[in-house]
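Indexing begins at 1, ligand by ligand and atom by atom, following the structure's order.
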Amino acid sequence: MIGVIFGVIVPYIAVAIFVVGVVYRIVNWANSPVPLKIPTTGGQQRSLPFIKRTVYDRFDSPYTWWETAGRMLLEIFLFRSLLKNTRYYLDRVSQKDARWLWLFGILFHYSLLLVLIRHSRFFLEPVPSFVEMLSEIESFKGVFIPSVYISGLAIVAALFLLWFRRIFLSRERTLSLPSDHFALILLLAITISGNLMRYFFKADLFAVKELLMSLMSFNIGHAVEVAETIEPIFYVHFALASFLLAYFPFSKLMHAGGVLFSPTRNMPNDNRARRHVNPWDPADVPLLAKGITVAGRTYKSKKLDWETYYEMYTDQLQEIEEANYKIVPEEL
Ligand code: HEM
């Protein structure tokens, strides 16, 4: 029974929640208006020709699409903004380097990447040669049987370091929400159970692979059959991983996709050269029912006119009117 529940039903539900949730949030972000130009920058922005910019300035204060893309890639793959992590003490007028956070962050994320790439051997047949190669390169052989995967242990260490930061540093403790702790604890539980399974309580990896491949090909009958033969320790790991998947769209872990939509990261700093016009959905702005022209572009609402808007929010609008505010736009 455990096999059917945690090996078949729970993972299917988790994947469904993950896919629907992630798509929903991405579509929502993609449709959100960005009314202001808000790139966060540090370097010299493009200005008069005699004001020189270094390569560093170009990535820190990008002006063109390419420079912005470069900054984005450095952010995604090297967490560049965390390399500026300095702590200021205004009372003492001093500052302290806090770039260890960058190190912990990089350690966690790259270990996770390696662990997940290596996990592909559980559901890909044949296993791609680069996955085999990666596993070889980062495994520590010799006295240990099975060989020790460095990333599998490094991820646990990195998660503990990130968690201790939230527990033992007073400022970080104040800023931390229960959900911050929860995400770290969940990831710790998954990675520790994975390591336990590899080194102490063995699970039948052939059966695990068969289960995953049956699930992926929707061969549910066979999945149910195999699921019953796998050891409970696997279901501890698998159920936690399924939970992570289902929790993902509702959590801060969505930053994995959100970074691409962050206006502070993805906008060029060309405020002084180009006027920023928000390409928002005209449906949000009833005034646009008639169509207005901003900077040569005409926006006209296709979905919502003033009457419908008034009908939708009659109570609130009347309340505002009673307070002596004018609610009907001038143009109407
Ligand atoms: C589809 C979901 C997953 C399945 C089926 C799965 C399966 C497994 C299995 C069978 C092992 C034992 C490997 C061995 O004995 O060589 C393992 C180990 C491990 N798993 Fe997972 N896992 C899943 C998701 C995850 C996730 C999301 C993480 C990380 C957040 C993770 C982290 C680990 C770690 C750190 C190990 C220790 C050994 C290593 O580094 O490969 N697993 N997993």
For this session: State whether the shortest distance between N or O atoms of Arg121 and N or O atoms of ligand 1 falls below 3.5 angstrom.
Result: yes

For this session: Would you check if the side chain of Glu138 reaches a backbone N or O of Leu134 as a donor-acceptor pair within less than 3.5 Å?
Result: no

For this session: Could you tell me which atoms of ligand 1, counted from 1 in the order shown, lie closer than 4.0 angstrom to a heavy atom of Gly152?
Result: 35 (C), 40 (O)

Problem set entry | Flag, side chain of Arg198 to backbone of Ser147, donor-acceptor distance under 3.5 Å | yes

List the atom pairs, with distances to 0.1 Å, where a side-chain N or O of residues 13-29 and a protein N or O form a donor-acceptor pair under 3.5 Å, not counting sequence neighbours.
from: Arg25; atom 1: NH1; to: Pro249; atom 2: O; distance (Å): 2.8

For this session: Could you tell me whether the side chain of Gln45 and the main chain of Ser61 form a donor-acceptor pair under 3.5 Å?
Result: no

Exercise. Looking only at atom types and distance, does a side-chain atom of Arg46 sit under 3.5 Å from a main-chain N or O of Ala273, one as donor and one as acceptor?
Worked result: no

Exercise. Can you check whether Arg198 has an N/O within less than 3.5 Å of an N/O in ligand 1?
Worked result: yes

Exercise. How far is atom 1 (C) of ligand 1 from its nearest protein heavy atom, and which residue and atom is that?
Worked result: Phe238 CE1, 3.7 Å

For this session: Report the member of Leu215, Leu205, Leu244 with the shortest heavy-atom distance to atom 10 (C) of ligand 1.
Result: Leu205

Problem set entry | Expected output: side-chain Asn195 to main-chain Gly152 donor-acceptor under 3.5 Å | yes

For this session: For the residue pair Ser151 and Arg118, confirm or rule out a side-chain donor-acceptor distance under 3.5 Å.
Result: yes

Exercise. When rounded to the nearest 0.5 angstrom, what is the spacing between OG1 in Thr264 and CG in Asn269?
Worked result: 12.0 Å

Exercise. What part of Leu153, side chain, backbone, both or neither, has a heavy atom within less than 4.0 angstrom of ligand 1?
Worked result: neither

Exercise. How close does the nearest protein non-hydrogen atom get to atom 30 (C) of ligand 1, and which residue and atom is it?
Worked result: Leu112 CD1, 3.6 Å

Exercise. With a cut-off of 4.0 Å, which atoms of ligand 1 are near a heavy atom of Leu212?
Worked result: 5 (C)

For this session: Might you confirm whether atom OH of Tyr325 has over 12 heavy atoms from other residues, nucleotides or ligands at distances under 6.0 Å?
Result: no

Exercise. Are there more than 12 heavy atoms of other residues, nucleotides or ligands under 6.0 Å from atom CH2 of Trp100?
Worked result: yes

Exercise. For ligand 1, which part of Arg118 has a heavy atom less than 4.0 Å away: the side chain, the backbone, both, or neither?
Worked result: side chain

Exercise. In terms of residue, atom name and distance, what is the protein heavy atom nearest to atom 13 (C) of ligand 1?
Worked result: Phe122 CZ, 3.6 Å

Exercise. If you count the non-hydrogen atoms of other residues, nucleotides and ligands that lie under 6.0 Å from CD1 in Ile2, is the total more than 12?
Worked result: no

For this session: With 2.8 Å as the limit, jot down which protein N, O or S atoms are around atom 21 (Fe) of ligand 1.
Result: His119 NE2, His237 NE2

Problem set entry | For ligand 1, the portion of Val156 having any non-hydrogen atom under 4.0 Å away | neither

For this session: Check each atom of ligand 1 against the heavy atoms of Leu187 and keep those under 4.0 Å away; list them by number with element.
Result: 30 (C)

For this session: May I ask you to check whether Phe164 and Phe160 place their ring centres under 6.0 Å from each other?
Result: yes

